[in-house]
Structure formats: C-alpha cells, structure tokens
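Okay, structure first, notes after.
All values below were derived from every heavy atom in this structure, side-chain atoms included, with hydrogens, water molecules and symmetry-related copies excluded. This is a predicted model, so every value here is computed, not measured.
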Amino acid sequence: MSQTLLARNPDWWRGAVIYQIYPRSFQDSTGSGTGDLRGITERLDHIASLGVDAIWLSPFFTSPMADMGYDVADYCDVDPSFGTLADFDALVARAHALGLRVMIDQVLSHSSDQHTWFKESRSSRDNPKADWYVWADPLPDGSPPNNWIAIFGGPAWEWDGVRRQYYLHNFLIGQPDLNFHNPDVRAALLDSVRFWLERGVDGFRLDVCNFYFHDASLAPNPPRPTDMEQSRHSNPYGMQLHLHDKTQPENLEFLKSFRALLEEYPDRASVGEIGAEERSLDVVAEYTGGGDKLHMSYTFDLLSSDGTPAQIAGSIEKFETVVTDGWVCWALSNHDVNRHLSRWLRDGDDRERVARLAAILLLTLRGSVCIYQGEELGLEQAEVPYERLNDPQGKRFWPADKGRDGCRTPMPWEAGAVQAGFSTVEPWLPLDPRHAEQAVDRQGAPGSVLDHYRQMLAFRKAHPTLATGDIRGLEASDAVLSFERIGAERLLLLFNLGSTSVERDIPEGATALDLPGQARPRAQATRVALPARSAACFRLA
C-alpha cells in the first residue's frame, strides 16, 4: 500500500504545522466512552479547515493500556478499542484526500509485558528471545543491579521469579525495556516501522528516542549536584544525573538505520521526543544534525515555559546557538504537560487574549510546529478528581503532581450536545464544563480563538519567511520579547507578554502588517504602543 494522493515534496516537514490527536479523547463513534479511529476520520474536516499540514496520532496499537497505549503489545495491529486496520487505512485515505499527511507514534524503547516477545523472553534464560529485553542478576544481597530509577517512581528494575533475574523498565513495571544491543531486536522493530510505511504513513513521532540504548556495563548513575534543579517536591528521578540509563552513543547509529529505512519511501519524515535533563539541546543537535538521523526534534523547553520573555528567548537562543544544522519542532502543549494557557494565565488576564497571543508566538517561530488538540479552542487544563484518574503518573505522585489526565480530557465539539458531542455516554475522563462552553460549534464567529488559529495559519503560509527564514535579534525585557525573521522579506515581531501597556522603539521606515487578532499598532515615527498581552508585526525596509 503506497501513498498516491499527495504531491511529492521531500521537504514538506520543514516548517510544517502538525496537529496532534490523542485518539482516546478526540471522538467516540461507537458509544464506548473512548475515542476511536472512525471518530477521528469523521472529524478530519475540522482539522483540514485549520490549514495545518499533517496530523500526529498518539498510540492506537494493541495494548493493555497501563500507560494509555504507550505500552504496546503488538506493533502491527490496532487495539480493538480504537477499531481495525481497515479503519486505519480509511483514516489515512481520507486524510490524504484532504491534503493532510499522517504521522504516528512509535514507542520503540519498551513494549508491554503482555507482548509475545516479553512472554517468551521471561520464560527461561535460554529461549530464542532470552536476550530481547534487559535482564540482569541481583547483587549478592538480592537488591537490584544498580541505582537506576524509573520515571514513574521506584527502582527501574523488577524481579522475575522464573528467570530469577531483574528486568529493566524505565517507565512502568509493565513496560519492560527492549535490549537494543541485540541486532535481532533492532531488526524486528524496523520491520514494524516498515509495516506502517507500507500502509501509507507519512512519518513518525519517536517516543523517548534517547532511551533506546542503556550502558551495557550497568554503571550506576551519580547524584545530581545540589546546585542543580532536582524536582525534589514530587519525583526522585530528578535527583540523578542520567548518564548511563539513556542517551548513549549507540543511539545515533540506530537512528541512522531508522532514517535509511525512511529514505526508501518518498517524502517520509520523523520527529523525535528527547527527554534529556543534561545538555538537552546538545542531544537535539546530535540527533538532527548531518541529514542522516532524525528530520527534526523537540524538547520540553517551551512545553514547560510559563510564558515569560526571558524563558522563551532563552530557549530559542540556545537552540539557534547549539543546533547549527538540525531542525526544531516547537510546541507549547501536548499530552504530557499542563496546557500552556493554564501556565501562561495571570490574575486578571483575558483568556482569549492570551490564547491569541500564544498562537501568534508559536506560529511565527522558525521551525516546524505542533498544535495539540483543543489548543485551537483556547482550552485550559481540566481538573480531574483523584478517583477519576487513569494516568499512572498522577496516581503515583498525587497531590504534588496531579498527572497528565487534565490535558487529555475529551474534545468538545457541540456545546449543547450530550458530553459536548464527544460521546453519548460517560467518557473515560470527565468532560470539563468550561470546555463545553468553548466547543467548536461555539467558535465559528470572527474573533473567536478558533477563527484566530485559522487566520494565523493562513498568515504563516502567506509569509514563508516565518517558517523557514532566519531568526535574529532576539531581545527580552521584563515584559517584551522581540525578534526578526529574515528571508524573502524582513519582519520584526514584538510581543508584550506583560499585564500593562508598553512602548517600544521600531526602525525608521517600518510598515505595520495586519496581524490576525491584533489591532493595527499605533505608531508615531519610530515608536509604537503595545497594549497588554498583544503582539505586532512590521515589515522592515
């Protein structure tokens, strides 16, 4: 099965805008309370109307759902709760007909403990897949082989009584790490990637792609120095320097193999998730440089930002300095972090004004962009009570960390419908009443947040310099962020991220552009007034 409905463009990903779909929460077509592939297909017109270039689907593979699909039990099939392979093929065909490319999540670092590979591997020490996972003998006192910590809490090792060994799990106990030092494992995983390429998939988002290899000697991690942030309030994972359990040099060779496979198919692309507390942008540079590994990557720099000029400017400047020939994919929100609107809002803020400002910032940055479902509606983080939590992170670290369910609640489509049009029954996570008031059908009028996103995406396409041109002249004060975009035209972007009006100097001869959702700035000669929480764009001579 091959892609035939989209024009050839090997560089489509460079500067592309990708819409992330969390399938469990997008649209329920069966009355089960969870979203599914047919539901996504039914709602693709909404996504196409935004003007984005591609969709990214979070995992829909066969899974016991201990980590909501990031624990894969079969890499080459659809979980029945989401539908069938035929449903997936129909989704791809409809997306391509609408001009949307399709990217899917690949969770390669670990599988579910329900995967047939792991069941065979744990059955003995001498079966054909005995070395497909990371097994190690206990220390003489019976304790784990080293001090590595799991992201979801506790040791990263779990005892297995049949093999009388520990296995490595960087995440949940039910997510054993695959042994990438074994070439058979690498080959099997690449075969699973080829399976989806043959079904017409246009690209892949690689989950935790710096976790693939571990230090084969199992050297312990040193403590993080006390003068570095340790996140002691909720998770001891941040108290170590993760020098040996991830981000190993062998990762680069596997990514080259992955890229070589993609090169066999026209116009395919990859974006990597890099979770590296130490030298994160250096890792991005290594993983995206040279044109033979990842096409692009994202980190959590802006995904954790609370919207201050210094934070934003620092993230952009570090990337531009360190990553000289790689490519970034910027995002403000996704399925793993609190929605950015809740992080950016201050007392007395107008929610829609801040939502518009954030969209302008994101869509004027150099690089590719991810928009997370509901972001285009101006949704805030939902409050999910403990008894309704599904996220293992929230269950483990509550209440210091309430987990990720608050950004994963159902998409609101119709304000007056049952469950806001997401489902006809109680959904797997509760629908936030505030979100129902911001449903898609309530935002058709000019000036809505949804309308603003459509206009901003059109503005970005009308000015290609915003996607791929150089970014220079970054400046940040307490309230104002500014930078220039230089390509076919030279543009100056100003952002007042503060709560009071400010004035700012602009170059002589600058021409104000009509930036969507913003009043044309009042300028006198070489000075401009910027209202609170607003942006302006000027074309420079």
Side-chain angles (χ1 to χ4, degrees), residues 1-21 52-61 72 75-76 85 88-89 91-93 95-96 99-109 178 180 183-213 249-274 283-299 323 325-329 367-370 468:
M1 196 174 301
S2 62
Q3 174 187 4
T4 58
L5 298 176
L6 290 171
R8 285 287 305 274
N9 179 9
D11 289 327
W12 68 265
W13 52 273
R14 194 178 293 273
V17 179
I18 303 164
Y19 185 97
Q20 182 194 353
I21 297 172
V52 301
D53 303 290
I55 59 173
W56 148 29
L57 301 175
S58 289
F60 52 84
F61 314 110
V72 179
Y75 284 101
C76 297
L85 282 170
F88 177 79
D89 293 340
L91 188 161
V92 172
H96 286 171
L100 296 168
R101 299 181 191 268
V102 179
M103 305 183 77
I104 65 173
D105 240 314
Q106 287 291 283
V107 190
L108 303 180
S109 71
L178 285 150
F180 273 72
D184 292 337
V185 170
R186 301 196 299 270
L189 289 170
L190 291 177
D191 282 345
S192 74
V193 172
R194 186 183 295 277
F195 174 87
W196 296 104
L197 288 167
E198 290 291 324
R199 303 196 87 88
V201 163
D202 301 286
F204 301 90
R205 181 260 191 186
L206 297 183
D207 185 62
V208 293
C209 67
N210 58 312
F211 278 75
Y212 294 156
F213 281 86
E250 296 94 335
N251 260 349
L252 297 173
E253 292 305 312
F254 177 75
L255 291 175
K256 289 179 182 179
S257 299
F258 185 92
R259 178 65 174 265
L261 172 58
L262 263 59
E263 294 295 332
E264 295 179 23
Y265 297 79
D267 309 345
R268 304 310 202 258
S270 57
V271 55
E273 177 196 30
I274 293 176
V283 178
V284 171
E286 293 170 356
Y287 282 32
T288 62
D292 60 351
K293 296 176 283 295
L294 295 173
H295 291 80
M296 51 187 167
S297 174
Y298 72 87
T299 69
V323 186
D325 70 337
W327 195 253
V328 69
C329 187
S368 302
V369 167
C370 277
T468 58

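Counting only distance, with no hydrogens or angles, the side chain of Trp12 and the backbone of Asp267 share a donor-acceptor pair below 3.5 Å. With hydrogens and angles ignored, the 3.5 Å screen pairs no side-chain donor or acceptor of Thr288 with any backbone N or O of Leu294. A donor-acceptor contact shorter than 3.5 Å is absent between the side chain of His295 and the backbone of Arg14. A donor-acceptor pair is defined here as one N or O able to donate and one able to accept, closer than 3.5 Å; such a pair exists between the side chain of Arg268 and the backbone of Val201. Checking side-chain atoms of Lys293 against main-chain N and O of Gly289 turns up a donor-acceptor pair under 3.5 Å. Looking at Glu273, its side chain does come within 3.5 Å of a backbone N or O of Val208 through a donor-acceptor pair. Counting only distance, with no hydrogens or angles, the side chain of Asp292 and the backbone of Lys256 share no donor-acceptor pair below 3.5 Å.
Between Gln20 and Arg205, every side-chain heavy-atom pair lies at or beyond the 4.5 Å cut-off. Put simply, the side chain of Leu206 reaches to within 4.5 Å of the side chain of Leu255, judged on heavy atoms. Using a 4.5 Å heavy-atom cutoff, the side chains of Glu264 and Leu197 are not in contact. Contact check for Leu252 versus Tyr287: side-chain heavy atoms found under the 4.5 Å cut-off. Side-chain contact between Phe204 and Ile104 is present, with heavy atoms from C-beta onward closer than 4.5 Å.
With respect to the salt-bridge test (charged N to carboxylate O, under 4.0 angstrom), the residues Arg101 and Asp53 do not qualify.
Taking the side-chain hydrogen bond (donor to acceptor under 3.5 Å, both in side chains) definition, one finds that Ser368 meets it with Trp327, sequence neighbours left out. By the salt bridge (charged side-chain N to carboxylate O under 4.0 Å, His left out) test, Glu263 is found to be paired with Arg259, residues two or more places apart in sequence or in another chain being considered. Legend: residues meeting ring-ring contact (aromatic ring centres under 6.0 Å, His included) with Phe211, ordered by chain and number and at least two apart, are Phe171. Scanning for side-chain hydrogen bond (donor to acceptor under 3.5 Å, both in side chains) contacts around Ser109 gives an empty result, with sequence neighbours left out. Judged as a ring-ring contact (aromatic ring centres under 6.0 Å, His included), and not counting sequence neighbours, the contacts of Phe88 are Phe60, Trp196.
In this pair, Tyr212 and Phe254 present their aromatic rings perpendicular. The plane angle is above 60°, beyond the 30 to 60° band.
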Can you give each donor-acceptor pair under 3.5 Å made by side-chain atoms of residues 183-193, sequence neighbours left out, with the distance rounded to 0.1 Å?
residue	atom	partner	partner atom	Å
Arg186	NH1	Phe180	O	2.7
Ser192	OG	Leu189	O	2.6

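The shortest heavy-atom contact between Leu100 and Ala54 is CD2-N, 4.3 Å.
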